[in-house]
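In this chain, residues are counted from 1 in sequence order.
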Amino acid sequence: MSYRPDKAEKMELEVPETARNAVRAAYRHSLNSGFKVLIVDRGKLVEVSPDFRRKEIRPVASLTKIGKGKTYKITRPAER
């Protein structure tokens, strides 16, 4: 199989939708299996239970745009 730039570009354009669908499926599967999930909603970390009850855990830092070719160090926030 030979490399085709047009096919590779098409596949790259499909990645965001494929990832979005995978995350949604994992979210539903986890809740349907009786597990809790963590999400970020309106700047807060929220725990969602299988019965869809929501519990705010804590505020989260604002999002950081990831740039191509950049390196980021993730650190643990200071204890409260």
Side-chain angles (χ1 to χ4, degrees):
M1 182 156 124
S2 62
Y3 173 74
R4 294 183 45 203
D6 57 326
K7 183 149 175 100
E9 187 174 315
K10 182 180 182 291
M11 288 173 65
E12 285 181 8
L13 293 173
E14 294 171 353
V15 168
E17 183 179 354
T18 302
R20 194 170 20 258
N21 291 338
V23 168
R24 284 182 185 143
Y27 175 87
R28 287 190 305 266
H29 178 73
S30 294
L31 291 175
N32 289 336
S33 298
F35 295 101
K36 296 177 182 177
V37 295
L38 292 175
I39 62 169
V40 174
D41 186 24
R42 294 182 218 130
K44 295 197 178 0
L45 184 64
V46 178
E47 179 184 80
V48 182
S49 298
D51 61 0
F52 298 104
R53 282 182 293 145
R54 299 164 68 91
K55 176 183 172 188
E56 287 186 7
I57 306 298
R58 66 178 176 88
V60 294
S62 60
L63 296 176
T64 301
K65 280 238 178 221
I66 303 297
K68 183 177 181 180
K70 298 210 176 194
T71 303
Y72 297 89
K73 182 176 181 180
I74 299 172
T75 58
R76 178 180 289 262
E79 292 295 321
R80 294 174 194 238

query = Would you say Leu38 and Tyr27 are hydrophobically clustered, going by side-chain heavy atoms of ILVMFWY under 4.5 Å?
reply = no

remark   = Here the gap from Met11 atom CE to Asp6 atom CG, rounded to the nearest 0.5 Å, amounts to 11.5 Å

ask   = Are Arg20 and Glu17 side-chain neighbours, meaning at least one heavy-atom pair lies under 4.5 Å?
value = yes

ask   = Between Asp41 and Arg54, is any pair of side-chain heavy atoms under 4.5 Å apart?
value = yes

ask   = What's the shortest heavy-atom distance between Pro50 and Leu31, and which atoms?
value = CB-O, 3.5 Å

key: Side-chain heavy-atom pair Val46, Val40 within 4.5 angstrom cut-off   = no

Separation of Leu45 CG from Lys55 NZ (nearest 0.5 Å) = 11.0 Å

task = Following the transitive rule for hydrophobic clusters with a side-chain heavy-atom cut-off under 4.5 Å over Ile, Leu, Val, Met, Phe, Trp and Tyr, establish whether Phe35 and Val37 coincide in one cluster.
result = no

inquiry  = For Glu56, is the CD atom crowded, meaning more than 12 foreign heavy atoms sit under 6.0 Å from it?
reply    = no

request  = Kindly compute the distance separating CD (Glu47) from NZ (Lys36), expressed to the nearest 0.5 Å.
outcome  = 4.0 Å

